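Single-structure report; data block below.
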Amino acid sequence: MKIIACYSNKGGVGKTAVSVNLAYAFAAAGKRTLLCDLDPQGASSFYFRVKPSKKLTEAAFFEDVGKFTKAIRGSDYDNLDILPANLGFRDFDVFLSRMRNNRSRLKKALKGVKADYDVILLDCPPNISVLSENIFRSADAIMVPVIPTTLSQRTFDQLVEFFKEQDLPLKKLHGFFSMVQSVKALHGATIAEMTDRYGKRFMKAQIPFASDVERMGLLRAPVMATTPISAASKAYQALYLETEKRVMAR
């Protein structure tokens, strides 16, 4: 089983859209897939039309395998299950800060379903916190969407520095450009600069800024399911194939 986190310490970069479409792509390829929505806003859960379990409190999530498993819901797609978020997830950091060995609690929680899935995707909240450190240590790979603009570039730089300070393996980080607008000179310049600076840390696949992605909120389904031949869908497919090669084959 591989654990793949979709994470950014900046909001509004297309993280949830990537989580939803990657989960769909892995499932469509025959991988038993669990999308674990860790963001209290529950956007991934909303896209898949799945309602959260109010009984899955922070204590149950990290300490009760039975309740964790019962909170998992099926989706409309073969091989794809969802662990939906609820507003109680906003208290994860407070809860974890009080626990012993708090940096490894997420990995222990996910071990309870290890035998049931080939891949677990984590849709993560946009912050650096105790939960984030759990994510960094638990995940085999961390997919980081970056809009090719100054502020988004800065947050990726900050994430890299945090990994260095905490002695976390940089090889876990897999940046890729999101919401790309090829007509913007700034986007092109930023992509060139960051690719040159970080080399293999950035993936080749790029997700365009597209109305099909924005309509996911109306259709409540992955772009890859609703418009499979669109430019956005093809971009997510390319990202999936590159992720498969980088992460699953290791």
Side-chain angles (χ1 to χ4, degrees), residues 4-8 10-39 41-52 73-85 117-124 126 141 143-149 152 174-184 187-188 190-191 202-248:
I4 301 174
C6 295
Y7 171 86
S8 173
K10 186 180 188 306
V13 296
K15 170 186 59 64
T16 295
V18 167
S19 303
V20 167
N21 282 284
L22 274 184
Y24 173 86
F26 273 110
K31 297 286 194 301
R32 298 171 301 163
T33 304
L34 173 65
L35 175 58
C36 187
D37 191 351
L38 298 178
D39 193 329
Q41 297 179 75
S44 289
S45 313
F46 174 82
Y47 282 144
F48 281 112
R49 304 171 184 266
V50 177
K51 293 183 178 180
R73 305 285 188 255
S75 74
D76 293 333
Y77 306 99
D78 293 339
N79 300 316
L80 179 55
D81 291 339
I82 315 295
L83 181 71
Y117 298 101
D118 300 309
V119 57
I120 295 179
L121 277 154
L122 309 177
D123 183 15
C124 310
M143 311 291 291
V144 187
V146 177
I147 300 174
T149 58
S152 194
H174 301 273
F176 62 93
F177 295 105
S178 175
M179 302 174 72
V180 176
Q181 298 182 62
S182 58
V183 297
K184 289 189 174 181
H187 281 209
T190 304
I191 288 171
F202 266 81
M203 305 173 79
K204 293 180 180 179
Q206 298 180 8
I207 309 301
F209 183 85
S211 58
D212 288 324
V213 178
E214 293 182 318
R215 281 197 292 269
M216 280 177 59
L218 295 174
L219 301 176
R220 297 182 69 180
V223 170
M224 297 181 73
T226 57
T227 56
I229 62 172
S230 67
S233 181
K234 291 177 180 178
Y236 285 123
Q237 178 67 13
L239 184 67
Y240 156 71
L241 291 172
E242 197 170 353
T243 304
E244 172 77 27
K245 185 176 181 180
R246 280 189 175 217
V247 181
M248 302 300 289

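Reckoned from all heavy atoms, side chains included, excluding hydrogens, waters and symmetry mates. Everything numeric here is computed off the predicted structure, so don't read it as measured data. Along the sequence shown, the residues carry numbers beginning at 1.
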Legend entry - Close side-chain approach of Y47 to P222, heavy-atom, < 4.5 Å: no
Inset, instruction - Check the pair F209 / E214 against side chain to side chain contact (heavy atoms under 4.5 Å, CB included), numbers first and verdict last. - result: CA-CA 9 Å; F209 183 85; E214 293 182 318; 3.7 Å; yes
Inset, instruction - Anything under 30° is parallel, anything over 60° is perpendicular, the rest tilted; go ahead and classify Y24 against Y77. - result: perpendicular
Legend entry - Heavy-atom side-chain proximity of F26 to E244 below 4.5 angstrom: yes
Inset, instruction - Kindly compute the distance separating CG (N21) from SG (C6), expressed to the nearest 0.5 Å. - result: 10.0 Å
Legend entry - Minimum heavy-atom distance between A232 and P208, given as atom pair plus value: CA-CG, 4.2 Å
Legend entry - Donor-acceptor contact present, side-chain Q206 to main-chain A235, <3.5 Å: no
Legend entry - Reported CD1-to-CG distance for the pair I120 and L34, which is rounded to 0.5 angstrom: 5.0 Å
Legend entry - 4.5 Å side-chain heavy-atom contact, D39 and K15: yes
Legend entry - Side chain to side chain, I191 and V180, heavy atoms closer than 4.5 Å: yes
Legend entry - T16 and D123 side chains, donor-acceptor separation under 3.5 Å: yes
Inset, instruction - Would you confirm whether D78, through its side chain, and A28, through its main-chain N or O, come within 3.5 Å as a donor-acceptor pair? - result: no
Legend entry - Y236 and L22, any side-chain heavy atoms less than 4.5 Å apart: no
Legend entry - Exercise: identify the closest heavy-atom pair between G14 and S178: CA-OG, 4.2 Å
Inset, instruction - May I ask you to test the I82-S44 pair for a side-chain heavy-atom distance under 4.5 Å? - result: no
Legend entry - Note, I4 side chain near T243 side chain (heavy atom, < 4.5 Å): yes
Legend entry - Close aromatic pair by centroid cut-off 6.0 Å: F202 and F177: yes
Inset, instruction - Measure the NZ-CD distance between K234 and Q237 for me, rounded to the nearest 0.5 Å. - result: 11.0 Å
Legend entry - CD-CE distance between E242 and M203, expressed to the nearest 0.5 angstrom: 4.0 Å
Inset, instruction - Output yes when a side-chain donor or acceptor of S45 lies under 3.5 Å from a complementary backbone atom of V50, and no otherwise. - result: no
Legend entry - S152 side chain vs T149 backbone, donor-acceptor pair below 3.5 Å: no
Legend entry - Minimum heavy-atom distance L122-S19, with the two atoms named: O-OG, 4.4 Å
Legend entry - Shortest non-hydrogen contact from R73 toward K51: NE-O, 3.8 Å
Legend entry - Any donor-acceptor pair under 3.5 Å from H174 side chain to M143 backbone: no
Inset, instruction - Check step by step if side chain to side chain contact (heavy atoms under 4.5 Å, CB included) holds for M179 and I207. - result: CA-CA 6 Å; M179 302 174 72; I207 309 301; over 6 Å; no
Inset, instruction - Would you give the length of the straight line joining atom CG of L38 to atom SG of C124, rounded to the nearest 0.5 angstrom? - result: 5.5 Å
Inset, instruction - Look up atom CZ in R246 and atom CG in L239, then write down how far apart they are to the nearest 0.5 Å. - result: 9.5 Å
Legend entry - Side chains of N79 and K31 in contact at under 4.5 Å (non-hydrogen atoms): no
Inset, instruction - Tell me, please, whether F48 has R220 positioned over its six-membered ring: NZ or CZ under 6.0 Å from the ring centre and within 45 degrees of its axis? - result: no
Inset, instruction - Could you tell me which non-hydrogen atom of P228 sits nearest to which non-hydrogen atom of S233, and how far apart they are? - result: O-OG, 3.1 Å
Inset, instruction - Locate the shortest heavy-atom distance separating L80 from S75; write the atom from each residue and the value. - result: O-OG, 2.7 Å
Legend entry - Exercise: do Y117 and D81 side chains pair donor with acceptor under 3.5 Å: yes
